[in-house]
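In listed order, ligands and their atoms are each counted from 1.
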Amino acid sequence: MQDILKIIQSRRSARTPYDPARPIGKEDLRQILEAGRWAPTAHNMQNFEIIVVDDQKVLEEIGAIKSTISETFIRENYQQLSFSEEELQRKKVGLLGTMFPLSWRTPGMKPLPEDGVRSRSFPVCPTLLVVLYDPRRRAPASDGDFLGIISLGCMMENLWLEATALGIDFHIVSSLANATVEQEVKRMLVIPQELKIAFTVRLGYATQALSQSVRVRRDIKDFTHHNRYGDLGIE
Ligand SMILES: Cc1cc2nc3c(=O)[nH]c(=O)nc-3n(C[C@H](O)[C@H](O)[C@H](O)COP(=O)(O)O)c2cc1C
């Protein structure tokens, strides 16, 4: 049995193109979905539906949707950026700016058409999971269905860890849940109007080595508090 902590630590976002000719094996896919199935959810509501898209023509159509990047996204994304590996290592949170186009990391610079309107909404992959939920069915008395949304996160992590254990690359694509793009995806996949896309996942096998750039996390003592807030955390 693999050590769960090792799988957790080796789980990562694989944002490169995946080999479209290397499909996810049927048994592997079942196992990933089985992991999702056993996720904890508030009141065991199991508040998700998943569309498995592996028809290459449909994937091509969804991938070709142009997704516009909002000014709000660029501004708030900028706040999460570091501009060198040293800065990122010092901060221990956020992302390296070089992941993004120059205009996204240069205040005041107008996004070029190719930065602001991407030609594809995601790089190629053999399988896309489209995770849906019904915003009308909230977890009991949960403001904004906060507990329901956490439940979707638990399910996401289960899928991700199982994919990692199977050596399958995984990439969350949130942009397909954005208003206009979401409408187009819903039309293409015949998703009922009342359901919402929570997130989508690219699954596959990366065709190029994943970026070796530094990965950071806060230390345990940075986010723990012992007995009361503000008191020294756990070393
Ligand atoms: C709710 C959620 C949404 C995310 N959306 C995206 C996304 O749209 N695109 C992307 O490349 N990564 C996305 N990520 C991945 C995070 O950026 C990533 O997990 C984080 O930077 C840590 O990197 P790691 O996954 O390689 O450890 C998302 C992660 C979560 C949990």
Side-chain angles (χ1 to χ4, degrees), residues 4-18 32 35-36 39-41 47-48 50 62-63 65-70 72-74 76-83 85 87-89 91-101 104-105 115-118 120-125 128-133 135 144-165 167-182 185 196-204 206 208-219 222-223:
I4 184 76
L5 186 58
K6 286 217 165 59
I7 299 174
I8 289 170
Q9 288 168 333
S10 60
R11 181 218 53 78
R12 56 177 300 191
S13 298
R15 299 185 175 92
T16 63
Y18 300 163
I32 291 168
T41 53
N47 58 337
F48 50 83
I50 302 178
I62 299 176
I65 299 173
K66 293 190 182 359
S67 62
T68 309
I69 310 299
S70 71
T72 307
F73 177 88
I74 293 184
E76 294 182 5
N77 183 57
Y78 181 81
Q79 291 161 4
Q80 306 308 323
L81 302 185
S82 285
F83 297 92
E85 292 206 343
E87 184 185 352
L88 185 61
Q89 258 158 342
K91 284 188 183 163
K92 300 182 203 159
V93 298
L95 298 167
L96 206 52
T98 47
M99 280 175 58
F100 299 101
W104 292 27
R105 47 190 154 103
D115 298 342
V117 182
R118 291 187 245 166
R120 288 184 59 87
S121 53
F122 57 82
V124 289
C125 61
L128 185 77
L129 305 182
V130 179
V131 178
L132 310 171
Y133 73 106
D145 197 22
F146 189 64
L147 299 178
I149 307 293
I150 291 177
S151 305
L152 294 170
C154 293
M155 209 278 294
M156 174 199 282
E157 181 71 344
N158 272 21
L159 299 173
W160 207 334
L161 291 177
E162 186 59 37
T164 303
I168 293 171
D169 288 310
F170 192 108
H171 174 204
I172 305 288
V173 181
S174 299
S175 56
L176 292 182
N178 292 349
T180 50
V181 182
E182 184 189 33
V185 178
K196 277 199 70 63
I197 297 179
F199 60 92
T200 64
V201 177
R202 291 172 60 237
L203 285 178
Q208 60 198 57
L210 301 187
S211 145
Q212 290 308 308
S213 63
V214 62
R215 302 182 74 217
V216 295
R217 292 299 191 265
R218 289 180 294 162
D219 296 330
D222 296 336
F223 60 84

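Rounded to the nearest 0.5 angstrom, Ser211 OG and Met99 CE are separated by 8.0 Å.
The only option from Leu203, Ile32, Ile172 that meets the side-chain contact (heavy atoms from CB on, under 4.5 Å) definition with Leu159 turns out to be Ile32.
Aromatic ring centres of Phe83 and Phe100: separated by at least 6.0 Å.
Between Leu81 and Trp104, the closest side-chain pair of non-hydrogen atoms is not below 4.5 Å. By the 4.5 Å heavy-atom criterion applied to side chains, Thr41 and Met155 are not counted as neighbours.
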N/O contact list for ligand 1, threshold under 3.5 Å:
unit_1, atom_1, unit_2, atom_2, d
ligand 1, 5 (N), Ser174, OG, 2.7
ligand 1, 8 (O), Ser174, N, 2.8
ligand 1, 8 (O), Ser174, OG, 3.1
ligand 1, 9 (N), Ile172, O, 3.0
ligand 1, 11 (O), Arg15, NE, 2.5
ligand 1, 11 (O), His171, NE2, 3.0
ligand 1, 12 (N), Arg15, NH2, 3.4
ligand 1, 17 (O), Arg15, NH2, 3.0
ligand 1, 25 (O), Arg11, NH1, 2.9
ligand 1, 25 (O), Arg11, NH2, 3.4
ligand 1, 25 (O), Ser13, N, 3.3
ligand 1, 25 (O), Ser13, OG, 2.8
ligand 1, 26 (O), Ser13, N, 2.9
ligand 1, 27 (O), Arg11, NH2, 2.9
ligand 1, 27 (O), Arg215, NH2, 2.5
ligand 1, 27 (O), Arg217, NH2, 2.8

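Applying the side chain to side chain contact (heavy atoms under 4.5 Å, CB included) rule to Ser10 yields the partners Thr164; only residues at least two apart in sequence or on another chain are considered.
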